[in-house]
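Since the structure comes first, as structure tokens, the remarks are kept for the end.
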Amino acid sequence: MRTRFAPSPTGYLHIGGVRTALFNWLLARRHGGQFILRIDDTDDSRNRADAVKPIIDGFAWLGMTWDEGPTPDASGESTGPHAPYFQGQRNDQYEAAAMRLLAEGKAYPDYTTPEQQAAARKQADLARKPYVHRGTNRDTAAEENVRQYTAAPAPLLLKVELGQSVKFDDAVKGKQDISTDTIRDPMLLRGPDASGLCRAVYNFATVVDDSDFDITHVVRAIEHLSNTPTQILMYQALGATPPTFGHIPLVNYNGNKMSKRNLPPLSNDEIAKFKTCGWTDDEIKGREDLNIATVAYYREIGYLPEALINYLCRLGWSMDGESEFIPLDTLIANFSLERVTDAPGNYDAKKLFWLQGEYMKLIPPAEKLERCLPFLRRAKLIDDAPSDDVRAKLLRVIEASGDRIKLFSDVLAFAAPLLKDEIEYDPKAREKAFKDPAAKELLREFAEVLGTCEPFDASSTDKALHDFAAAKGIKPNALVTPVRIAVTGSGVGFGLFDTLAILGKEASRKRIAVTLAAV
RNA sequence: GGCCCCAUCGUCUAGAGGCCUAGGACACAGCCCUUUCAAGGCUGGGACCGGAGUUCGAAUCUCCGUGGGGUCACCA
């Protein structure tokens with residue numbers, strides 16, 4: 001089994017595309033086949049490397065490896081027995097295939113002018129009939145067409161045999177049967193451009209490539225379903241066997257297409273989050289691809305690729321009636337086109353976030369630390385090479401944070417108050433906690449008690465606080481919040497006694513003193 | 001408009017004529033636990049688009065509506 005994914009180089013990797021690629025990849029992996037990555041850049045744009053890199057980087061991050069395709073450095077080189085894997089570098093093959101069809105009388109040049117075509121289309125519209133284009137030299141003999149084409153290149157069209165039907169069994173949609181009378185003579189090669197080059201049209205390039213690459217299964221978005229009969233006709237003309245097709249439903253957002261237009265701009269929370277990650281306003285604005293439809297967004301904000309993969313695969317496919325958390329090896333062992341759903345699905349950020357949390361619970365603290373490091377560096381909370389002391393402190397923060405760290409970037413919120421020397425107060429929380437003047441006095445007295453804790457660890461400070469509260473006849477919680485705010489500036493965070501222990505006696509008491517002076 | 005695809009809780013889905021008083025998950029609400037925030041436990045509300053037909057029996061099959069989507073390019 002050989003499957004493929006063929007993105008056009010747009011400069012970012014869209015998660016809808018990733019899902020399509022994932023289905024192909026899973027199929028190949030399950031059946032011990034190959035997954036091929038091909039870049040559909042038939043317009044041969046100049047900045048190809050820039051536009052391809054995000055796609056390649058995205059797949060690399062996701063761990064979706066390809067057996068043949070562009071080299072990982074995005075240089076425009078390819079690896080694999082059918083190289084190159086860039087359509088922009090393959091026009092010779094398309095031309096050769098087209099010339100063969102021309103010589104065999106299966107294709108012909110079309111000298112219809114755009115004006116003639118527009119008029120014919122209009123007439124059909126008026127008659128409320130579908131317009132099915134057939135070109136001028138359709139019934140001209142092959143040799144004559146070759147002669148005319150050589151003398152005056154023009155769009156080359158495939159001659160569709162009338163009165164036939166194209167039948168195929170879609171692996172997702174089931175049996176299809178289309179009359180050739182409704183299929184226009186499709187273009188194979190465009191007319192010559194300014195430099196005289198006749199570039200292949202997408203449909204034809206795809207067929208030539210998929211046939212050359214021995215692709216056996218083409219899983220793609222349902223919007224291509226109506227292209228399929230045309231492509232099958234091309235396969236037949238080329239004397240090739242069409243692959244098995246599987247057309248999968250779309251991924252929508254709130255019932256609409258997941259295009260940039262319909263997507264919400266980054267929320268204030270998200271922008272704030274990126275800023276705490278060390279991004280500047282300009283950097284955020286400069287990243288056109290920073291939205292929930294791209295892989296880059298999830299990588300930058302600290303998602304786990306396995307969570308994204310699990311989520312995307314479950315969107316439009318199910319293993320059974322209840323499995324939601326499905327690790328990759330299970331996905332590979334069970335994925336099949338039969339269980340792809342018929343209806344389009346809606347992207348649900350909350351469910352992805354939940355899965356992310358589930359996957360995060362599985363990451364051991366030491367590994368979590370390693371993967372948090374880049375975020376801490378970017379936020380300038382640590383040096384490029386943090387000392388062992390800092391690493392040890394961070395590990396304690398991560399252990400104390402537990403499941404609270406859902407995204408790797410969340411580490412910043414927990415580590416920053418303990419790493420920075422200055423306390424950044426949440427004004428509202430501080431005001432509320434010290435509204436009652438008695439709170440300040442209690443805090444002052446408790447700071448003295450803390451000074452006697454030995455050793456200064458979570459259990460000793462815990463006991464000290466509870467004993468102190470009991471002696472004073474107050475609820476422990478009446479003291480916990482003021483202390484928390486005094487040492488971290490924030491009303492929320494992981495366990496207070498862990499916080500104190502990580503800070504140490506000196507720093508804890510010093511921070512309380514600073515706060516006392518400030519309120 | 002022609003042709004094609006689709007239709008189960010807010011969302012993702014299970015459902016192949018009786019297992020359906022329609023199951024699970026996310027989200028939501030309430031309660032419990034608790035040191036705030038998470039996590040965890042328990043409980044709850046919540047759906048077969050409408051109408052005909054076939055059948056002893058329909059979420060499931062057929063038809064008609066309705067609603068959504070796709071496609072009709074020298075875009076990919």
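The chains referred to below are lettered A, B, ... by the order of the sequence lines, with proteins before strands, and numbering in each begins at 1. If you're wondering where the values come from, they're calculated on a predicted model, not measured in any experiment.
When each of C6(B), A76(B), C26(B) is scored by its nearest atom to the side-chain atoms of K173(A), the top-ranked nucleotide is C6(B). Of the candidates C26(B), A73(B), U35(B), U35(B) carries the atom nearest the H466(A) side chain, counting heavy atoms from C-beta on. Of the candidates U36(B), A76(B), C4(B), C4(B) carries the atom nearest the Q176(A) side chain, counting heavy atoms from C-beta on. In the set C12(B), G24(B), U35(B), U35(B) carries the atom at the smallest distance from any side-chain atom of N477(A). Side-chain proximity of D348(A) to C26(B), A7(B), A76(B): nearest is C26(B). Looking at the side chain of E358(A), the nearest of the listed nucleotides C6(B), U36(B), G40(B) is G40(B).
For Q123(A), the CD atom is loosely surrounded, since the number of other residues' heavy atoms within 6.0 Å does not exceed 12. Heavy atoms from other residues, nucleotides or ligands lying under 6.0 Å from CD of E445(A) number more than 12. Counting non-hydrogen atoms of other residues, nucleotides and ligands closer than 6.0 Å to CZ of F408(A) gives a total above 12. Atom NZ of K53(A) sits in a sparse spot, with 12 or fewer heavy atoms from other residues, nucleotides or ligands closer than 6.0 Å.
Searching all strands for a Watson-Crick or G-U wobble partner of C37(B) with both distances below 3.5 Å returns nothing. For A47(B), there is no paired nucleotide, since no Watson-Crick or G-U wobble pair has both relevant distances below 3.5 Å. Pairing of C26(B), defined by two Watson-Crick or G-U wobble distances under 3.5 Å, is identified with G10(B). For C3(B), the paired base is G70(B) (Watson-Crick or G-U wobble, both distances below 3.5 Å). Of the nucleotides present, none pairs with G17(B) by Watson-Crick or G-U wobble criteria with both distances under 3.5 Å. Using N1 to N3 plus N6-O4 or O6-N4 for Watson-Crick, or N1-O2 and O6-N3 for G-U wobble, each under 3.5 Å, G53(B) pairs with C61(B).
Following rounding to the nearest Å, N310(A) (CG) and U13(B) (C1') show an atom-to-atom distance of 14 Å. We find that CZ of F245(A) is positioned 17 Å from P of C5(B), with the value rounded to whole Å. As rounded to whole Å, 12 Å separates atom C1' of A39(B) from atom CZ of F353(A). Between I326(A) atom CD1 and C12(B) atom C1' the separation is 12 Å, expressed in whole Å. Between W317(A) atom CH2 and A25(B) atom C1' the separation is 15 Å, expressed in whole Å.
Residues V160(A) and P186(A) are in side-chain contact: their nearest non-hydrogen atoms beyond the backbone lie under 4.5 Å apart. D348(A) places a side-chain heavy atom less than 4.5 Å from the side chain of Y311(A).
OP1 or OP2 of G40(B) has at least one side-chain nitrogen or oxygen of K361(A) nearer than 4.0 Å. A close approach under 4.0 Å does not occur between any side-chain nitrogen or oxygen of R314(A) and OP1 or OP2 of C26(B). Not one side-chain nitrogen or oxygen of R19(A) sits closer than 4.0 Å to the OP1 or OP2 atom of C12(B). In terms of phosphate contacts, R190(A) brings a side-chain nitrogen or oxygen within less than 4.0 Å of OP1 or OP2 of A76(B). Here N346(A) does not reach the OP1 or OP2 of U11(B): none of its side-chain N or O atoms lies under 4.0 Å away. Contact annotation: R339(A) side-chain N/O to G15(B) OP1/OP2 distance is under 4.0 Å.
The base of C26(B) does not come close enough to the side chain of K350(A) for any donor and acceptor atom to sit less than 3.5 Å apart. With hydrogens and angles left out, the side chain of E322(A) and the base of G23(B) share no donor-acceptor pair within 3.5 Å.
Spacing between C49(B) and A27(B) at atom C1', rounded to whole Å, works out to 23 Å. Taking atom P on both G10(B) and G50(B), the two are 13 Å apart, rounded to the nearest angstrom. Comparing the P positions of G15(B) and C20(B) gives an interatomic distance of 14 Å, to the nearest angstrom. For the C1' atoms, the distance from U35(B) to C28(B) is 26 Å, rounded to whole Å. A distance of about 15 Å separates the C1' atoms of C33(B) and U43(B), rounded to the whole Å. Across A47(B) and C63(B), the matching C1' atoms stand 24 Å from one another, rounded to whole Å. Distance check on atom P: C5(B) versus G65(B) gives 16 Å, rounded to whole Å. Taking atom C1' on both C61(B) and C48(B), the two are 15 Å apart, rounded to the nearest angstrom.
Residues satisfying the salt bridge (charged side-chain N to carboxylate O under 4.0 Å, His left out) criterion with K122(A), sequence neighbours excluded, are absent altogether. Qualifying salt bridge (charged side-chain N to carboxylate O under 4.0 Å, His left out) partners for R121(A), counting only residues two or more places apart in sequence or in other chains: none. Residues forming a side-chain hydrogen bond (donor to acceptor under 3.5 Å, both in side chains) with D289(A) (at least two apart in sequence, or on another chain): R287(A).
A heavy atom closer than 4.0 Å to some atom of RNA chain B occurs in D403(A), R404(A), K406(A), these being the qualifying members of residues 399-416 of chain A.
A distance below 6.0 Å separates the ring centres of F335(A) and W317(A). Y359(A) has its ring centre no less than 6.0 Å from the ring centre of Y303(A).
Side chain of T3(A) to backbone of N24(A): a donor-acceptor contact under 3.5 angstrom is found.
Between P155(A) and G493(A), it is G493(A) whose nearest contact on RNA chain B lies nearer the 5' terminus. Across the interface with RNA chain B, nearest-nucleotide mapping of T182(A) and M187(A) shows T182(A) to be the residue nearer the 5′ end.
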If you look only at distance, which donor and acceptor atoms sit under 3.5 Å apart when one is on a side chain in residues 255-263 of chain A and the other is two or more places apart or in another chain?
{"residue": "K260(A)", "atom": "NZ", "partner": "E288(A)", "partner atom": "O", "Å": "3.0"}
{"residue": "K260(A)", "atom": "NZ", "partner": "E288(A)", "partner atom": "OE1", "Å": "3.1"}
{"residue": "N262(A)", "atom": "ND2", "partner": "K257(A)", "partner atom": "O", "Å": "2.9"}

Walk along nucleotides 65-71 of chain B from 5' to 3' and tag each nucleotide B, S or - by protein heavy-atom contact under 4.0 Å, base first, then sugar-phosphate. -----SS
